[in-house]
Visitor: 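Below is one structure. I have some questions about it.
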Amino acid sequence: MPVAYEKRDHIGIVTLSRPTARNAWGPDFNEELQRHFDAMEDDDDIRCAILTGDESGGAFSAGANLKDPKTHTMGSTAELIKSIPKRKHRAFEVLGNFPKPLIGAVNGYAVGIGCIVTFCCDLLVASDQAEWRLPQVALGILPAYGGSTRLARWVGRGNAMRLALGFPLKAEEAHRIGLCQWLVPHAGLMDKALEVAEHVASLPPLAARLAKESLLRSQDIPNLADASLVDLYRFAALELTEDKAEGHRAWREKRKPAFRGR
């Protein structure tokens, strides 16, 4: 299958795998990502996910398959209009709406659509061989699905504009401007990604989920007062959970808590 899946304790590891084409994108990636992420969403045992590229492909993802003459080609306006409702199944929507924390482990070139999907993750761990590229404008198109806007929310307008207009972004610079939160030697990438995921998975899963929701949703609320009000309801909901009681009890008893996602 073009997308591999492994469950390791409370962590789901999803791997883009088309190694003969540097993990180049295809419609099958969208279908497989939806299948795996829907399953992880429904699996209460999964508390955190990792998205990476097949190491044997030498890249995270080389982006769209430009050898296919149908790539980036729309037959008609009618075809576009009728396709829009189906786009909720595309990777950007699937990954962007995944409610549990998602870590991107960027192991090499992340190009075009393979670049934009990294912006749909919540945390990024990068190999020192990682590099982000958005070549769409040079091809007469643009980074679609809100690619530039997603990036600007990570690194600001100027840095996003630079990448959107075709300037490559190497791993060290990506770390400096805050796109990736951890930069490690290539051989240690998955070890570090798993270390980060294990920390996240050790947290009360409902609290981690609502912390993610709070941060992402508040970016679409135009004022701090309303964002704070919505957070009050999230806070109150979490106060009623069993995990909140267990976390406070374990702290007072100086022991490791046992969270159950309840």
Side-chain angles (χ1 to χ4, degrees), residues 3-15 32-52 91 93-107 117-126 153-154 178 180-184 188-221 224 226-262:
V3 177
Y5 176 70
E6 175 189 355
K7 182 176 179 179
R8 192 176 301 187
D9 296 325
H10 295 298
I11 302 165
I13 303 171
V14 179
T15 304
E32 287 292 293
L33 286 171
Q34 181 181 15
R35 183 168 68 88
H36 290 305
F37 276 86
D38 283 352
M40 287 192 292
E41 182 175 344
D42 291 338
D43 185 350
D44 288 340
D45 202 38
I46 293 292
R47 299 181 180 181
C48 182
I50 295 174
L51 177 67
T52 192
E93 299 300 327
V94 171
L95 300 177
N97 292 319
F98 185 61
K100 301 175 183 181
L102 172 59
I103 297 162
V106 187
N107 58 307
V117 296
T118 69
F119 311 152
C120 299
C121 298
D122 302 309
L123 295 167
L124 292 179
V125 182
R153 289 185 170 190
W154 281 83
C180 64
Q181 288 67 60
W182 292 272
L183 176 62
V184 296
L189 176 69
M190 285 307 296
D191 286 342
K192 185 63 180 181
L194 284 166
E195 176 188 323
V196 174
E198 286 164 1
H199 166 79
V200 173
S202 73
L203 300 170
L206 297 177
R209 179 171 176 151
L210 288 192
K212 168 179 174 171
E213 179 185 286
S214 169
L215 192 154
L216 296 183
R217 296 294 184 185
S218 67
Q219 294 182 80
D220 296 321
I221 296 176
L224 181 59
D226 286 344
S228 299
L229 179 60
V230 176
D231 266 356
L232 179 60
Y233 288 95
R234 293 188 181 99
F235 192 97
L238 290 171
E239 279 195 322
L240 298 174
T241 64
E242 293 179 16
D243 282 350
K244 171 263 173 181
E246 167 63 8
H248 284 64
R249 187 164 50 245
W251 185 88
R252 288 191 291 268
E253 296 172 0
K254 296 181 172 53
R255 61 172 174 81
K256 183 178 179 180
F259 296 121
R260 304 175 64 188
R262 299 178 181 176

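Positions are given from 1 along the sequence.
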Visitor: Please round to the nearest 0.5 Å and tell me the distance separating atom CG of Leu215 and atom CD of Glu213.
Guide: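 The distance works out to 11.0 Å.
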Visitor: Quick check: closest heavy atoms across Cys120 and Leu102, and the distance to 0.1 Å?
Guide: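 Result for this residue pair: O-CD2, 4.0 Å.
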Visitor: Is there side-chain contact between Val94 and Gln34, with at least one heavy-atom pair below 4.5 Å?
Guide: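 Answer yes - side chains close enough.
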Visitor: Tell me the closest heavy-atom pair linking Cys121 and Leu51, and the distance in Å.
Guide: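 In terms of heavy atoms, the two residues are closest at SG-CD2, 4.4 Å.
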Visitor: With distance as the sole test, does Asp43 use its side chain to make a donor-acceptor pair with the main-chain N or O of Asp45 at under 3.5 Å?
Guide: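 Checking the backbone N and O of Asp45 against the side chain of Asp43, a donor-acceptor pair under 3.5 Å is found.
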Visitor: Could you tell me if the side chain of Val14 sits less than 4.5 Å from the side chain of Met40, heavy atoms only?
Guide: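 Yes; the side chains approach each other to less than 4.5 Å.
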Visitor: Determine whether Val196 and Trp182 satisfy the following criterion, side chain to side chain contact (heavy atoms under 4.5 Å, CB included), listing intermediate values before the conclusion.
Guide: CA-CA 9 Å; Val196 174; Trp182 292 272; 3.8 Å; yes
Visitor: How far does OG1 of Thr52 sit from CG of Asn107, to the nearest 0.5 angstrom?
Guide: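 Output value for this atom pair is 4.0 Å.
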Visitor: For a quick test of reading the model, state the closest non-hydrogen atom pair linking Ile46 to Gly12 and the distance between them.
Guide: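 Closest approach of Ile46 to Gly12: CD1-N, 3.7 Å.
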Visitor: Anything under 30° is parallel, anything over 60° is perpendicular, the rest tilted; go ahead and classify Tyr5 against His36.
Guide: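 Tyr5 and His36: parallel rings.
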Visitor: Check whether Asp243 reaches the backbone of Pro204 with its side chain - one donor and one acceptor, N or O, closer than 3.5 Å.
Guide: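 No, because the side chain of Asp243 does not come within donor-acceptor range (under 3.5 Å) of the backbone of Pro204.
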Visitor: Measuring from Ile103:CD1 to Glu198:CD, what's the distance to the nearest 0.5 Å?
Guide: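 Here the rounded value is 9.5 Å.
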Visitor: Gln181 side chain to Leu124 main-chain N or O, any donor-acceptor pair under 3.5 Å?
Guide: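 Side chain of Gln181 to backbone of Leu124, a donor-acceptor pair under 3.5 Å: yes, one is there.
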Visitor: Answer yes or no: is there a side-chain heavy-atom contact under 4.5 Å between Leu203 and Phe259?
Guide: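 Leu203 vs Phe259: side chains apart.
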Visitor: Is Arg234 paired with Glu239 through a side-chain N to carboxylate O contact shorter than 4.0 Å?
Guide: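 Arg234 and Glu239: not salt-bridged.
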Visitor: Look at the side chain of Glu242 and the backbone N and O of Arg262, then say whether any donor-acceptor pair between them is shorter than 3.5 Å.
Guide: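 Not a single qualifying donor-acceptor pair exists.
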Visitor: Using a cut-off of 6.0 Å, state whether more than 12 heavy atoms not belonging to Arg153 lie near its atom CZ.
Guide: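 Buried by this count: over 12 neighbours within 6.0 Å.
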Visitor: Roughly how far, to the nearest 0.5 Å, is the CG atom of Asp9 from the SG atom of Cys48?
Guide: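 Cys48 SG to Asp9 CG: 12.0 Å, rounded to 0.5 Å.
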Visitor: Measure across Ala197 and Ile50 and return the closest heavy-atom pair with its distance rounded to 0.1 Å.
Guide: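 Shortest heavy-atom separation between Ala197 and Ile50 comes out as CB-CD1, 3.8 Å.
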Visitor: Distance-only, no hydrogens or angles: does the Lys212 side chain make a donor-acceptor pair with backbone N or O of Phe98 under 3.5 Å?
Guide: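 Judged by distance alone, yes, a pair lies under 3.5 Å.
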Visitor: Any donor-acceptor pair under 3.5 Å linking the side chain of Asp231 with the backbone of Ser214?
Guide: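 A pair under 3.5 Å: no.
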Visitor: What pair of heavy atoms forms the shortest contact from Ala201 to Ile11, and how long is it?
Guide: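 Closest pair (atom of Ala201, atom of Ile11, distance): CB-CG1, 4.3 Å.
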Visitor: With side chain to side chain contact (heavy atoms under 4.5 Å, CB included) as the criterion, how do Leu194 and Ile13 come out once you've worked through the C-alpha distance, each side chain's angles and the decisive distance to 0.1 Å?
Guide: CA-CA 9 Å; Leu194 284 166; Ile13 303 171; 3.9 Å; yes
Visitor: To the nearest 0.5 Å, tell me how far Lys256 NZ sits from Ser202 OG.
Guide: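 If I round to the nearest 0.5 Å, the distance is 7.5 Å.
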Visitor: Given Phe235 and Leu210, is the side chain to side chain contact (heavy atoms under 4.5 Å, CB included) satisfied, shown in steps?
Guide: CA-CA 9 Å; Phe235 192 97; Leu210 288 192; over 6 Å; no
Visitor: Mind checking the CZ-CG spacing from Arg260 to Leu206? Nearest 0.5 Å is all I need.
Guide: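 Reported to 0.5 Å precision, the distance equals 12.0 Å.
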Visitor: Can you check side chain to side chain contact (heavy atoms under 4.5 Å, CB included) on Leu216 and Asp122, steps first, answer last?
Guide: CA-CA 9 Å; Leu216 296 183; Asp122 302 309; 3.9 Å; yes
Visitor: Between the side chains of Lys100 and Glu41, is the shortest nitrogen-to-carboxylate-oxygen separation below 4.0 Å, so that they form an ion pair?
Guide: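 Not counted as a salt bridge, because no side-chain N and carboxylate O are separated by less than 4.0 Å.
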Visitor: Around atom CG of Asp38, are there more than 12 heavy atoms from other residues, nucleotides or ligands closer than 6.0 Å?
Guide: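 Yes, the 6.0 Å shell around CG holds more than 12 heavy atoms from other groups.
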Visitor: List the atom of Val3, the atom of Leu33, and the distance in Å for their closest heavy-atom pair.
Guide: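 Heavy-atom minimum between the residues: CG1-CD2, 4.2 Å.
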